[in-house]
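Have a look at the structure below, then the notes.
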2 protein chains.
Amino acid sequence: MADTPIYQLVKDALRAKIESGALLAGDMVPGEEQIAADFNCSRLTAHRALRELADEGLVVRRRRAGTQVAPRDGGGVLIRIPSVREEIEGRGFAYRYELLTRRHAAPAAVIAEALGAAQGERHLNVVGRHWADGRVFQHDTRWINLAQVPAALDVDFSEVSANHWLLENVPYTGVDHEISALAADGRAAEALEVAAGTALLRIERVSRLGDRPITHASMLHPGALFSLKSERR
Amino acid sequence: MADTPIYQLVKDALRAKIESGALLAGDMVPGEEQIAADFNCSRLTAHRALRELADEGLVVRRRRAGTQVAPRDGGGVLIRIPSVREEIEGRGFAYRYELLTRRHAAPAAVIAEALGAAQGERHLNVVGRHWADGRVFQHDTRWINLAQVPAALDVDFSEVSANHWLLENVPYTGVDHEISALAADGRAAEALEVAAGTALLRIERVSRLGDRPITHASMLHPGALFSLKSERR
DNA sequence: CCACGGCATTTGTCTTTACAAATTGAACCC
DNA sequence: GGGTTCAATTTGTAAAGACAAATGCCGTGG
């Protein structure tokens, strides 16, 4: 016997109707009272099912107007970027982090702006590489906003990667990304051990606590060798 | 007066404690009874607040063991890829779609496999370009699985982009992505109106209904000119 | 015909009450 | 000491009742 909760049964039934096309965008979904009658449950149970579907974006609810199937987003798609380590080990390679440099210096103007920091202010710069077996998988240039995370100055990042330490020790509320492709110049080619001119995938990431930037990371991948794979929904 | 619902007040209070670091990963969160007493509300209201925080991944709940702050994901980051049109118009450019070719043919082996189709089976191939003002923003090669979407054969994609038509007319349950960088070969360079060898950003997307692939899309961006920007959470 | 207002409907939140399910921790037996 | 059983605690789901808030609809009046 199915001991799946009733609200879940209701959700599944409605979801099936929507995904099968039996209910199209804009169509009215039965009201809470109606569903409660159909499934022989209380209005609260029907309400919960509809509310959760609304939270997931499948339906739109308005008082008095009732519930209708949400218009297909048309908009975007959510993808998940796994952590480097997860990505590498998921492909069956051995993971290794190598610290290249760690210095206390003033970042370039672009970076300073991204960090919301004053020009010339000194912050922490950590540069490292993530290896997949014998090949460089990612080159990681990170600036840590010392105004937000002064404790980072006391950390030696030779053992822990900056990414890892930050995740463990610094709370954040949001992350902004920018993904682009570029051709490797001399320095990048050397760092990644590829030929100059190779196409690289670059991910720039600013993590924030509220609206205060915590870190700026610039991650480079040899794009011809590896690719980021993301999952559904 | 604040007419924000009580469960929301509870959520905000706990979220604040977690994000400020007052509660660290692994720390116990007060139980439902305790919260109900603290906020002078019913257990169900406290339950709803905790349940929603658990749905959002901030806390972990186990019967008898109680509720504790979830370990920081460490894992991945969710980003949102906006639709091409949204992306272009969001930057203030005029959007235009141009159909290049539309043919009924057998895809290459790799594509056929991604579509879950038999070798040599004919499907619908739609190739087009998305323009931002006078420049090519994206080149889009799409294969539509006719076993799943036979109706696509009757559509002339000169007016509507394939992406748009599919979103409007075909339900899907999941999308898989792969993002990579590559250097433009002759044909790609011509299609995107860039110099050969320019670094390109490529997004490959397979959309599914259940586990049956609907479409395979290969999207190329001139990476030096444009980049994808994603939003928080 | 149009503008305004009130009414009825539908969703949103909350309380109280109840029982089920999971799991920890302790008592218990061997 | 080690494994097993049992009970208490905590979360999960549900019902019924109640009132609040939003808003589409219709009727009224101009």
Practice task
Let me know the distance between CD of Gln8(B) and P of dG12(C), rounded to the nearest Å.
Solution key: 14 Å
Exercise for the section: Answer yes or no: does a side-chain N or O of Thr45(B) lie under 4.0 Å from OP1 or OP2 of dT13(C)? Expected result: no
Handout entry: Atom-pair distance (CD on Glu52(B); C1' on dT13(C)), nearest Å
Key = 12 Å
Handout entry: Nearest heavy-atom neighbours spanning Pro71(A) and Ala25(A)
Key = CA-CB, 3.8 Å
Handout entry: Heavy-atom side-chain contact between Leu146(A) and Leu153(A) under 4.5 Å
Key = yes
Practice task
Report yes if a side-chain nitrogen or oxygen of Thr67(A) is closer than 4.0 Å to either non-bridging phosphate oxygen (OP1 or OP2) of dT11(C); otherwise report no.
Solution key: yes
Completion exercise
Min and max contacting nt of DNA chain D in 5' to 3' order, chain B heavy atoms within under 4.0 angstrom, are dA8(D) to dA14(D)
Exercise for the section: Given salt bridge (charged side-chain N to carboxylate O under 4.0 Å, His left out), test Lys11(B) with Glu56(B) step by step and report yes or no. Expected result: CA-CA 11 Å; Lys11(B) 283 179 68 178; Glu56(B) 293 168 25; 3.0 Å; yes
Exercise for the section: Within residues 23-33 of chain A, find the residues that approach DNA chain C with a heavy atom at under 4.0 Å, and present them sorted by residue number. Expected result: Gly31(A), Glu32(A)
Problem - Rounded distance (Å) that lies between atom P of dC14(C) and atom CD1 of Ile35(B) - result: 14 Å
Handout entry: Minimum heavy-atom distance Gly57(B)-Ala70(B), with the two atoms named
Key = O-CB, 3.4 Å
Exercise for the section: Using a 4.0 Å heavy-atom cut-off across all strands, classify Ile6(B) as base, sugar-phosphate, or nothing. Expected result: sugar-phosphate
Practice task
Give the ring-plane orientation class for Phe157(B) versus Trp165(B), where under 30° counts as parallel, over 60° as perpendicular and anything between as tilted.
Solution key: perpendicular
Handout entry: Short side-chain N/O contact to dC14(C) OP1/OP2 from Tyr7(B), under 4.0 Å
Key = no
Exercise for the section: Mind checking Ser42(B) for me? I need base, sugar-phosphate or nothing, with any heavy atom below 4.0 Å counting as a touch. Expected result: base
Problem - Side-chain touch Trp131(A)/Val136(A), heavy atoms, less than 4.5 angstrom - result: yes
Practice task
Look only at the side chain of Arg102(B) and the backbone of Val155(B), and say whether a donor-acceptor pair between them is shorter than 3.5 Å.
Solution key: yes
Handout entry: Interatomic distance where CG belongs to Leu44(A) and C1' belongs to dT13(C) [whole Å]
Key = 10 Å
Exercise for the section: Could you run through nucleotides 19-27 of chain C and give me one letter per nucleotide, 5' to 3': B if any protein heavy atom sits under 4.0 Å from the base, S if only the sugar-phosphate is that close, - if neither? Expected result: --BBBBS--
Fill in the blank from the handout: In short, Met28(A) meets Leu23(A) closest at the heavy-atom pair O-CD2, 4.1 Å
Problem - Close side-chain approach of Asn125(B) and Val127(B), heavy atoms under 4.5 Å - result: yes
Exercise for the section: Let me know the distance between CZ of Arg48(B) and C1' of dT15(C), rounded to the nearest Å. Expected result: 14 Å
Exercise for the section: Flag the pair Phe137(A) / Val84(A) as yes when at least one side-chain heavy-atom distance between them is below 4.5 Å, and no otherwise. Expected result: yes
Practice task
Tell me, with the steps shown, if Gln68(A) and Val59(A) meet side-chain contact (heavy atoms from CB on, under 4.5 Å).
Solution key: CA-CA 6 Å; Gln68(A) 47 184 321; Val59(A) 300; over 6 Å; no
